[in-house]
Amino acid sequence: MDARTWLGLEPTHNPMRWVLPVTPGISTAGPFLFGGCGLGAAIAAMEAVSGRPVVWAAAQYLSYAHPPSVLDIDVTLAVQGRSITQARAVGHVADTEILTVNAALGTRDVKAEGSWVEPPSVPPPEECAVRGPRIPGQASIMDRLDVRLANARSWDDLDGNPAPDGRSILWARVPDLLEVSSGASLAILGDYVPFGIGQALGRLGGGNSLDNTLRVYRLVPTEWVLLDIRILAVAHGFGHGAVHLWSEDGTLLATASQSTIIRFAEPEMFERPV
């Protein structure tokens, strides 16, 4: 299964319009469309229309799409050069704009490459604790992801004490995908700055994304992706951070960066009703 199928993204008779049924499987427990899924669907649509792979894509989140609505995604190829396409995708439910994504897509044959960051040293996924949902049985995208705490706190360990370095590390995979090998699938897994904010502050919650920018460096076959989440700052009700996404063999796949609206949850919100 590829990312487009996993998301449920469908073409229409208009090659520039795609539709994404908003289901619990691509939504938060909120429930509303998970930001990484919205960005991933827009990337998949722009790649299909342009015939080129994504280099970078930046989403601005404007409103919420709740299940069981349908998100229409309209693609515009603003500029088509010899090797690069500049594109835009606008996702809306009826007359409500949900997200806007700008992107560059393409490849260039230039004999120069390098990576100047190093992956963190953590145990392999099979040796890390599973991060399950706070309330089992509440349908959301978390039922379809396998997340392991490589260097991060469990729900019960979020005691209000900030982390000294604002850094948390996860292993993540999508069991229904044979391998993570596209920009769309990396967009799904890169939406973890809100998680990192909760970890950095030691508080339940984290926030809602205002934006998400994915920059793709190299795609290699990998089942697990290592998410190195670094929170840069929190102030005035907003948080800012970045995620480095690594393959199992230590290849830098992509980076993601986000700003979020800080929101916290009270512990009783996660308690099961009697």
Side-chain angles (χ1 to χ4, degrees), residues 3-4 6-9 16-22 26-28 30-50 52-67 69-79 85-93 96-106 141 145 172 174 180 182-197 206-217 225 227 229 232 238-245 253-263:
R4 187 194 305 178
W6 189 89
L7 288 163
L9 182 67
M16 308 302 284
R17 170 167 284 192
W18 296 68
V19 294
L20 180 71
V22 180
I26 59 172
S27 299
T28 71
F32 51 84
L33 178 65
F34 185 68
C37 291
L39 175 57
I43 288 173
M46 289 187 286
E47 287 185 330
V49 172
S50 69
R52 290 173 166 173
V54 68
V55 178
W56 69 268
Q60 181 184 18
Y61 300 112
L62 305 171
S63 189
Y64 301 102
H66 303 279
S69 60
V70 175
L71 184 75
D72 294 319
I73 300 175
D74 292 319
V75 175
T76 300
L77 302 185
V79 177
T85 296
Q86 303 275 9
R88 178 171 60 255
V90 177
H92 53 94
V93 174
T96 301
E97 190 170 335
I98 305 298
L99 76 164
T100 298
V101 180
N102 291 297
L105 308 100
I141 187 177
L145 303 181
V174 185
V180 179
S182 69
S185 55
L186 292 176
I188 298 166
L189 295 179
D191 191 3
Y192 267 88
V193 166
F195 165 88
I197 288 174
N208 300 122
S209 302
L210 286 170
D211 69 288
N212 192 354
T213 297
L214 181 76
R215 302 184 189 279
V216 178
Y217 298 112
V225 175
L227 308 177
I229 307 159
L232 307 177
F238 301 98
H240 313 279
V243 183
H244 290 179
L245 295 91
L253 302 168
T255 62
S257 61
Q258 292 179 271
S259 293
T260 68
I261 302 169
I262 300 296
R263 300 190 193 279

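Checked by atom type and distance alone, the side chain of Asn212 never pairs as donor or acceptor with a backbone atom of Ala59 at under 3.5 Å.
Taken from CE in Met46 to CZ in Arg52, the straight-line distance is 14.0 Å, to the nearest 0.5 Å. Rounding to the nearest 0.5 Å gives a distance of 5.5 Å between CG of Leu33 and OG of Ser27. How far CZ of Arg215 is from NE2 of His244: 11.0 Å, rounded to the nearest 0.5 Å. Rounding to the nearest 0.5 Å places OG1 of Thr100 at 11.0 Å from OH of Tyr61. With rounding to the nearest 0.5 angstrom, the CG atom of Leu77 is 4.0 Å from the CE atom of Met16. Here the CG atom belonging to Leu232 is positioned 11.5 Å from the CD atom belonging to Gln258, to the nearest 0.5 angstrom.
Contact check for Glu47 versus Pro53: side-chain heavy atoms found under the 4.5 Å cut-off. Between His92 and Asp74, the closest side-chain pair of non-hydrogen atoms falls below 4.5 Å. Between Val22 and Phe32, the closest side-chain pair of non-hydrogen atoms is not below 4.5 Å. In this structure the side chain of Arg4 never reaches within 4.5 angstrom of the side chain of Ser182, judged on heavy atoms. Within the 4.5 Å cutoff, no side-chain heavy atoms of Leu227 are placed close to those of Phe195. Contact annotation: the side chain of Val93 never approaches that of Asp72 to less than 4.5 Å [non-hydrogen atoms, C-beta and beyond]. In this structure, the side chains of Ser259 and Phe238 stay at 4.5 Å or more apart for every pair of heavy atoms. The closest side-chain heavy-atom distance from Thr96 to Tyr64 is not below 4.5 Å.
Checked against Ile26 for a side-chain contact (heavy atoms from CB on, under 4.5 Å), the options Leu71, Leu20, Leu9 give a single hit: Leu20. A side-chain contact (heavy atoms from CB on, under 4.5 Å) with Leu186 is found for one member of Ile43, Val54, Val180 and no other, namely Val180.
Of all heavy-atom pairs spanning Ala45 and Ile73, the tightest one is CB-CG2, 4.3 Å. Between Val243 and Gly190 the shortest heavy-atom distance is CG2-O, 3.8 Å. Taking each heavy atom of Ala184 and Ala44 in turn, the nearest pair found is CB-CB, 4.2 Å. What you find for Ala87 and Leu105 is that their closest heavy atoms are CB-CD1, 3.8 Å. Heavy atoms only, all atoms of each residue included: Pro194 and Thr260 are closest at CG-CG2, 3.9 Å. When all heavy atoms of Val101 and Ala42 are compared, the closest pair comes out as CG2-CB, 3.7 Å.
Annotation: ring-ring contact (aromatic ring centres under 6.0 Å, His included) contacts of Phe34 (sequence neighbours excluded): none.
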Let's go through Leu7 and Ile188 carefully: what are the C-alpha distance in whole Å and the side-chain angles of both, what is the deciding distance for side-chain contact (heavy atoms from CB on, under 4.5 Å) to 0.1 Å, and is it a yes or a no?
CA-CA 9 Å; Leu7 288 163; Ile188 298 166; 3.9 Å; yes
Run the side-chain contact (heavy atoms from CB on, under 4.5 Å) test on Asp191 and Ser209 for me, step by step, so that the C-alpha distance in whole Å, both residues' side-chain angles and the decisive distance to 0.1 Å come before the verdict.
CA-CA 8 Å; Asp191 191 3; Ser209 302; 3.4 Å; yes
